[in-house]
Undergrad: 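Here you go, one structure.
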Amino acid sequence: MATMNMIQAINSAHHNAMETNEDIVVFGEDVGYFGGVFRCTEGLQNRFGKQRVFDSPISECGIIGTAVGMAAYGLRPVVEIQFADYCYPGYDQLVSEAARLRHRSAGDFTAPLTVRMPTGGGIFGGQTHSQSPEALLTHVCGLKTVIPSNPYDAKGLLLAAIEDDDPVVFLEPKRIYNGPFEGYHDRPLTPWSKHPDGEVPETHYTIPLGKAKISRAGKDVTILAYGNMVHVALEAVKVSGIDAEVIDLRTLLPLDIDTIVASVEKTGRCIIVHEATLTSGYGAELSAQVQENCFYSLETPIQRITGWDAPYPHSQEWDYFPGPARVARALVRAMEA
Amino acid sequence: MKKTPLSLRVPEPLTRPGDAPDFSYVQIPPAGNDKKPAHNAPVSEFNDLSKGIIRVLDDAGHPQGEWQPTVSADTLITGLKAMVKTRAYDDRMMLIQRQGKTSFFMKSTGEEAISVAQAMVLKQGDMFFPTYRQAGLLITNEMIRGTGWSTFDMMCQVLSNSGDKLKGRQLPIMYSSKDAGFFSISGNLGTQYTQAVGWAMASAIKKDSKIASTFIGDGSTAESDFHAALTFASVYNPPVILNVTNNQWAISSFQGIANNPETTFAARGVGYGIPSLRVDGNDFLAVYAASEWAADRARNNFGPTIIEWVTYRSSGHSSSDDPSKYRPKDEEKAWPLGDPIDRLREHLIYLGEWSQEQHDALEKEMKEEIMALSKEAQKLGSLTDLPDLPMKCMFDDVYKDIPPHLQKQIQRIERGE
């Protein structure tokens with residue numbers, strides 16, 4: 001067991017995967033010699049060679065399009081989109097091609113690729129380095145969408161994504177690459193080395209896709225969160241003193257609805273937290289499914305605590321970001337109602 | 001100082017309905033005029049080859065110049081048969097669409113030489129990433145290799161009947177046959193271009209000997225996938241043939257809407273540093289020779305080649321289109337590069353290997369073969385009957401395994417919800 005931050009855990013997953021499967025190739029903007037702007041692919045080119053790890057032109061359409069072709073040939077590409085905000089030029093290749101190839105060819109061709117994207121804000125990245133486009137991905141049948149909240153899960157989920165025979169989008173909450181961010185921008189970040197989930201095996205292991213994790217057991221309110229919002233939710237529980245159960249979804253599609261339903265039936269209250277904008281966000285889907293499955297258990301209305309419906313504002317980042325104070329107030333409202 | 005008011009240039013074709021056809025914009029050099037460069041020739045040698053039109057057959061059907069392929073008369077006769085069969089298939093299936101037995105159809109009339117000759121040049125194991133106008137690839141593959149989808153399979157797909165290997169999921173003509181080296185057709189324009197480059201990159205990464213070939217129409221070269229594909233191809237030098245089928249029309253938009261008349265589609269390739277040819281697409285010998293040159297080049301690790309095929313879309317865009325609304329009637333008859341079947345027939349007659357009687361017999365034979373096959377295919381039903389598929393079939397292959405949320409939707413259907 002070693003201590004790793006999320007970048008090192010993702011890097012370690014690449015090493016483990018590439019050691020055992022020669023069909024895995026890795027490419028994207030700056031991922032080769034330099035090792036990626038966030039360093040997730042550092043050392044891979046040196047170890048596995050330029051035929052398997054290389055820099056790509058700045059073309060997300062080209063990155064995902066060529067990856068689909070490589071996957072159809074029989075390779076297993078793992079590509080990086082430098083920021084999730086940049087995925088839109090490649091969105092057609094994800095939605096109309098990768099996601100549908102198996103279905104439209106009745107299994108004749110498949111596209112087992114993994115598309116990694118750093119997601120979310122909290123780094124003063126402005127509106128083009130801060131977005132959380134998960135709802136645009138979970139709306140697409142044929143894709144799987146995964147988002148880890150810590151180094152241990154990041155490695156196990158990434159290895160599972162790479163080994164999955166369907167196309168998987170792997171969202172990496174960049175604000176927690178180096179430590180669990182509870183939402184206090186004015187306090188120093190605790191590094192992952194001080195957190196139990198920073199203990200990561202150097203050897204291969206997987207965490208199955210489609211399985212949520214209960215990050216904190218509780219009896220009064222269920223909080224549904226993913227990525228960096230898991231840490232914000234845990235902090236809000238501390239601040240409010242309310243005994244909430246925090247569920248880390250880990251995979252958004254397919255969703256582990258059974259874990260959610262069991263929790264909400266127990267607590268009778270549900271708060272959904274995400275950083276993406278509110279309207280038609282993934283929280284809307286979660287809210288609908290909780291209502292459909294747990295209507296008679298609900299004591300209070302479901303609340304969504306999310307980013308506001310505005311482009312991610314550069315200097316007003318912390319007014320936009322759904323921090324622990326907002327989540328804590330929602331917890332109080334849930335108990336008062 | 002007097003200000004010049006700005007104005008937008010919106011290109012218009014030379015002629016519209018009611019006008020006499022005018023193809024004066026197509027500059028046609030004599031056959032046999034062009035040099036055949038070495039596979040490793042510098043890109044500067046392609047300045048002229050990407051701007052003129054490489055031709056082998058002259059107007060009398062005589063082969064001329066360096067680009068004459070070394071090809072037997074038997075091979076040419078096979079090509080002729082595949083073209084005649086493709087045209088008979090198109091005519092028959094369009095009729096079936098008109099009879100209301102399916103929703104949609106697209107013909108490749110006038111463009112048969114391009115897919116047929118290139119299918120003959122490539123090998124089993126290579127992969128085509130076609131558009132919807134290359135049915136000749138599958139028909140030729142069946143004729144010469146007998147692998148993958150048959151003409152019968154294609155008909156069943158068009159009819160969306162119980163023999164449809166794609167289980168009624170795709171619009172007619174969006175075939176998919178891995179065994180025939182024919183990648184699943186998307187219907188989204190241009191996406192296959194980057195995919196073909198990726199497939200060819202994979203072949204190179206695995207030190208394989210297979211090559212890819214992809215097609216795009218003149219109109220779709222405006223898509224970002226085209227430019228991404230050319231960028232990736234120029235950077236990584238993968239074994240791929242990048243075909244641009246310039247059939248003059250993208251539905252109702254003439255090719256001037258996709259490109260500035262000061263240049264050609266092939267010349268864009270030179271700008272990317274990729275050897276690029278502009279070739280008479282209705283000249284079977286020229287198509288064969290240029291395809292063979294590009295395929296050999298790719299297989300010998302010299303990298304990608306762009307080929308613009310100058311041709312003409314003789315039929316409407318699709319069964320939903322009426323070209324009399326936007327171009328002169330009978331424009332196809334005025335197309336200066338003629339018809340590919342007529343031209344190969346004339347060449348074979350000139351060689352003494354073919355006769356008009358044989359040709360008439362071939363057309364009759366192919367028409368009857370297609371007619372018989374289509375009758376057999378219709379015994380498996382058509383879209384009018386709606387397919388006899390369990391409703392849950394639509395959930396198969398969305399993922400490799402059906403996930404819980406789709407299982408629940410299947411249960412909702414089964415409950416009659």
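Quick caveat: nothing in here was measured; it's all calculated off a predicted structure. Proteins get letters first, then strands, A, B, ... in listed order; numbering begins at 1 in each.
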Undergrad: Any side-chain heavy-atom pair from A/P57 and B/Y236 closer than 4.5 angstrom?
TA: yes
Undergrad: With a 4.5 Å heavy-atom cut-off, do A/Q93 and B/D225 have their side chains touching?
TA: yes
Undergrad: Got a second to check how far A/R100's CZ is from B/R169's CZ, nearest 0.5 Å?
TA: 13.5 Å
Undergrad: Verify side chain to side chain contact (heavy atoms under 4.5 Å, CB included) between B/F232 and A/I63, making sure each step is shown before the conclusion.
TA: CA-CA 9 Å; B/F232 277 64; A/I63 292 167; 4.1 Å; yes
Undergrad: A quick test of your reading: do over 12 heavy atoms of other residues, nucleotides or ligands sit less than 6.0 Å from CG of A/N46?
TA: no
Undergrad: Is it the side chain or the backbone of A/T110 that comes within 4.5 Å of chain B heavy atoms, both, or neither?
TA: neither
Undergrad: For B/Y399 and A/P167, indicate whether the former's side chain and the latter's backbone hold a donor-acceptor pair under 3.5 Å.
TA: no
Undergrad: What is the distance from atom NZ of B/K206 to atom OH of A/Y73, rounded to the nearest 0.5 Å?
TA: 7.5 Å
Undergrad: Quick one: are B/I205 and A/F54 in side-chain contact, heavy atoms under 4.5 Å?
TA: yes
Undergrad: Would you mind telling me which of A/L255, A/L253, A/D256, A/D164 has the largest number of heavy-atom pairs within less than 4.5 Å of chain B?
TA: A/L253
Undergrad: Can you tell me if OH on A/Y33 sees more than 12 non-hydrogen neighbours from other groups inside 6.0 Å?
TA: no
Undergrad: In terms of heavy-atom proximity below 4.5 Å to chain A, should B/A204 be classed as side chain, backbone, both, or neither?
TA: backbone
Undergrad: Side chain, backbone, both or neither: which part of A/A72 has a non-hydrogen atom closer than 4.5 Å to chain B?
TA: both
Undergrad: Give, as side chain, backbone, both or neither, the part of A/V95 having an atom under 4.5 angstrom from any heavy atom of chain B.
TA: neither
Undergrad: Report yes if some heavy atom in the side chain of B/S184 is under 4.5 Å from a heavy atom in the side chain of A/L101; otherwise report no.
TA: yes
Undergrad: Between A/D166 and chain B, with a heavy-atom cut-off of 4.5 Å, which part of the residue counts as in contact: side chain, backbone, both or neither?
TA: side chain
Undergrad: Chain A contacts: which residues in residues 408-417 of chain B have a non-hydrogen atom closer than 4.5 Å to it?
TA: B/K408
Undergrad: Should we say atom NZ of A/K266 is surrounded by more than 12 heavy atoms from elsewhere, each under 6.0 Å from it?
TA: yes
Undergrad: Given a strict heavy-atom distance threshold of 4.5 Å, which part of B/I185 is in contact with chain A: side chain, backbone, both, or neither?
TA: backbone
Undergrad: Quick check for you: among A/D92, A/D258, A/I64, which has the greatest number of heavy-atom pairs under 4.5 Å with chain B?
TA: A/D92
Undergrad: Which one wins on heavy-atom pair count under 4.5 Å against chain B: A/A99, A/S59, A/C61?
TA: A/C61
Undergrad: OG/B/S224 to CD/A/E60 distance, rounded to the nearest 0.5 angstrom?
TA: 10.5 Å
Undergrad: Give me the atom names and distance for the closest heavy-atom approach of B/T194 to A/G65.
TA: OG1-CA, 3.5 Å
Undergrad: Roughly how far, to the nearest 0.5 Å, is CD of B/Q192 from CD of A/E97?
TA: 8.0 Å
Undergrad: Please classify the contact of A/E22 with chain B as side chain, backbone, both or neither, using a heavy-atom distance under 4.5 Å.
TA: both
Undergrad: Nearest 0.5 Å, what's the CE-CZ distance between B/M201 and A/F27?
TA: 5.5 Å
Undergrad: Output the option from B/V197, B/L406, B/V235, B/N188 having the highest count of non-hydrogen pairs under 4.5 Å with chain A.
TA: B/N188
Undergrad: Looking at CZ of A/R104 and CG of B/L171, how far apart are the two atoms once the value is rounded to the nearest 0.5 Å?
TA: 12.5 Å
Undergrad: In terms of heavy-atom proximity below 4.5 Å to chain A, should B/F182 be classed as side chain, backbone, both, or neither?
TA: backbone
Undergrad: Please report the closest heavy-atom contact between B/A202 and A/L75, naming both atoms and the distance.
TA: CB-CD1, 3.4 Å
Undergrad: For A/Q51, is it the side chain, the backbone, both, or neither that has a heavy atom closer than 4.5 Å to a heavy atom of chain B?
TA: both
Undergrad: Is the side chain of B/Q170 donor-acceptor paired with the backbone N or O of A/S105 at a distance under 3.5 Å, no angle test?
TA: no
